[in-house]
Amino acid sequence: MSRSELSDLEKVLKSLEFITSVRSFDDVLSIFGLDNLPTAQKYGIIFGIITFTVTVSAVLALLVMGGSFKRIAEQAKTGGVSMPDAIEERVTRPLLLERLLEAQEFLLKKYPAVQKTEGMTPLMKMLVNIAPDVAKAQEMTANFMVKNESDKKKKDEKLKAFIPEGYEQNYISAYRRCQDKPGGATISGMPEARFEAYARAFAGCGSYTSTSYRRSYARMYEAVACNNHSTEKQYREHWLERPGDIVGRTIRLEPLDSKRHLKDFFAMTCGDIYRANKSYDPQEVWAFYEDGPFDSPEKMKESFVFQREMNEAGFAIIESLTGNMVGAVYLTNDNPKNLSISLELPLVKPSSEGTVESIEACFLLLDRLFALGYRRVQLSVDSMDTKGKKLSGRLGFTQEGLIPKDRIIKESNRDSIIYGMLNSDWDKGARAFLFKKLHGEKAMKVDVKNEKSEAELEKQSTFIEGQKETDEPKE
Ligand SMILES: *[C@@H]1O[C@H](CO)[C@@H](O)[C@H](O)[C@H]1NC(C)=O
Ligand SMILES: *[C@@H]1O[C@H](CO)[C@@H](O)[C@H](O)[C@H]1NC(C)=O
Ligand SMILES: *[C@@H]1O[C@H](CO)[C@@H](O)[C@H](O)[C@H]1NC(C)=O
Ligand SMILES: *[C@@H]1O[C@H](CO)[C@@H](O)[C@H](O)[C@H]1NC(C)=O
């Protein structure tokens, strides 16, 4: 039988035969034809081999345990572009021991995969503005012939089905309040524009938010929408098309939707030249996230960026002036039982980090959450993320503690710093602090004054309503 005809199994057996036939070091030396050396030299060779083996295995062990092979591969990919220190430190962090990663994989298998969705989660549905379904209502009325009074009544009845609960009442009361005490100067030729803008924003906040919040949101919306003729048109048209969006001064929040946002979001965070900005290392965006950078938009679509658990929410941050996407902001761990929820720092391109736009995105969400009754908003930041820690402070969050070994991110350890914002902090000054930062001191003072007079007006009108009711003769 020739060598090439040996089966694989036979080859294996043959190799084992060789190993088992080696019984002493002399046998090894005899293989190399060195069996009749003086004893001292034999020991020298033994010692040399041992030292060599120990050194090689130690180096290999360190490389593997420290994850350097992986790291070297990752670093080769980034092509040596210089990175900010904190990110450099993060990207070159040691990976977890193989044994722990295996344990993680094994232990995770106990549970079915968590249900995720790319569409609107219940939390997102609750947070967005409400509005009459104008498109459906128009469709209905288009096929509805009105010939007499009773037809008209029927039609109105049917139209009511397209108006969310409480919307009409809120709209009317807000509109009346504006007629009594209009906000800014009237836009020429459009005497009602301010009333309408205010009322649709007020009613849009729904019936479950606090009235002081609704008034503040509506005043801000009215101010930006009714700046001049062109803004009025722009905001009215936007509302007709996308009434759910939460609108601020510099940005608006749109529920994340891969059809609408994937292309831009990928282009902006992949590190290539985007609009006016230079290219950069994508790790600047992704170093502190569980996933990313992504090779393709499809990969991004499958990731946490667009896939939400049921108690999470994701919003795209869109610049008001240009309509360009700036980034995204997320809420996680919604826990209505404890009235608590977590905010994640905005995921934005490097040039938008810590800008007014990112701060306003957080402000809009925080304000709405507290208006809905949440008592605690938590923020968990990677302890190595210096920019993230700075931003948490700038948002008025209080540092509460450090949690070592809190998470495993990209196969390595993450210690987290926990920040918290309580509803009492918000009311006592955190809100005013951010409002001032976003809108300026003057605007804040005007807002406080308006709030006082509107609250007074509302109190009077409810008092009069109450009087009317008690004046009515009882049966
Ligand atoms: C009104 O017109 C509808 C048909 O469009 C008819 O069925 C209905 O009986 C009319 N009602 C009255 C009160 O005339
Ligand atoms: C209207 O207001 C917007 C936003 O402040 C501004 O950018 C725009 O130039 C204004 N347009 C006119 C015609 O004044
Ligand atoms: C990126 O572009 C924006 C305008 O789109 C500009 O304000 C910003 O300074 C640019 N940043 C860099 C780093 O080029
Ligand atoms: C919040 O509520 C859950 C039940 O939903 C409870 O198990 C938990 O202990 C509470 N506290 C925190 C901090 O989550």
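Note that ligands are numbered from 1 as they come in the structure, with each ligand's atoms numbered from 1 the same way. Quantities reported herein were computed from a predicted structural model and do not represent experimental measurements. Computed from heavy atoms alone, side chains included, the values below leave out hydrogens, waters and symmetry copies. Residue numbers run from 1 in the order of the sequence given.
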Sub-6.0 Å ring centroid separation between Trp426 and Phe363:
yes
In terms of ring plane angle, is the pair Phe306 and Phe265 parallel, tilted or perpendicular, where the classes change at 30° and 60°?
perpendicular
Any donor-acceptor pair under 3.5 Å linking the side-chain atoms of Glu451 with those of Ser212?
no
What does the N/O contact table under 3.5 Å look like for ligand 2?
| from | atom 1 | to | atom 2 | distance (Å) |
| --- | --- | --- | --- | --- |
| ligand 2 | 2 (O) | Asn227 | ND2 | 2.9 |
| ligand 2 | 2 (O) | Asn228 | ND2 | 2.4 |
| ligand 2 | 5 (O) | Asn227 | ND2 | 2.7 |
| ligand 2 | 11 (N) | Asn228 | ND2 | 2.8 |
| ligand 2 | 14 (O) | Asn228 | ND2 | 3.1 |

Ring of Tyr217, cation from Arg368 - is the NZ or CZ under 6.0 Å from the centre and inside 45° of the axis?
yes
Sequence neighbours excluded, the answer for ring-ring contact (aromatic ring centres under 6.0 Å, His included) partners of His261 is none
Going by atom types alone, do Arg308 and Thr121 pair a side-chain donor with an acceptor below 3.5 Å?
no
